[in-house]
Peer 1: 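Before anything else, here's the structure in question.
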Amino acid sequence: MPLVAKAQARMLAEGVSEPAPFAAELHDGIRPTLPFDDERIRAALPEGRFDLSDLLITKWWAGHRPRKDV
């Protein structure tokens, strides 16, 4: 794994080294109403571990790759 990604090196070369300022608070009409906390996140996670079958690309690839007749 590289220590610095290509995009990071490009950003530094362009002089992007300071973080952007914080955004203003959201208006009441678009502010989330449900709390986003650890308990709610864990309750929404599936049982078991993630693996390749959880990725949409693997399901797409399985249906589109050429089949070799044996």
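What you are looking at is a predicted structure, and each value in this text was computed from that prediction instead of being measured.
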Peer 1: Considering residues at least two apart in sequence or located in another chain, which fulfil the side chain to side chain contact (heavy atoms under 4.5 Å, CB included) criterion with Arg40?
Peer 2: Leu34, Pro35, Asp37
Peer 1: Going by the ring pair (Phe, Tyr, Trp, His ring centres under 6.0 Å) test, which pairs reach into residues 17-58, not counting sequence neighbours?
Peer 2: none
Peer 1: Taking only residues two or more places apart in sequence, or in another chain, which ones meet Ser53 in a side-chain hydrogen bond (donor to acceptor under 3.5 Å, both in side chains)?
Peer 2: Asp51
Peer 1: Just to verify, what does Asp28 make a side chain to side chain contact (heavy atoms under 4.5 Å, CB included) with, not counting sequence neighbours?
Peer 2: Arg31
Peer 1: What pairs with Leu56 under side chain to side chain contact (heavy atoms under 4.5 Å, CB included), at least two apart in sequence or on another chain?
Peer 2: none
Peer 1: Rest of the hydrophobic cluster containing Trp61 (Ile/Leu/Val/Met/Phe/Trp/Tyr, side-chain heavy atoms under 4.5 Å)?
Peer 2: Leu52, Leu55, Ile57, Trp60
Peer 1: Partners of Arg10 by side chain to side chain contact (heavy atoms under 4.5 Å, CB included), sequence neighbours excluded?
Peer 2: Lys6, Glu14
Peer 1: Which hydrophobic side chains are connected to Val16, either touching it within the sub-4.5 Å cutoff or through other members that do?
Peer 2: Met11
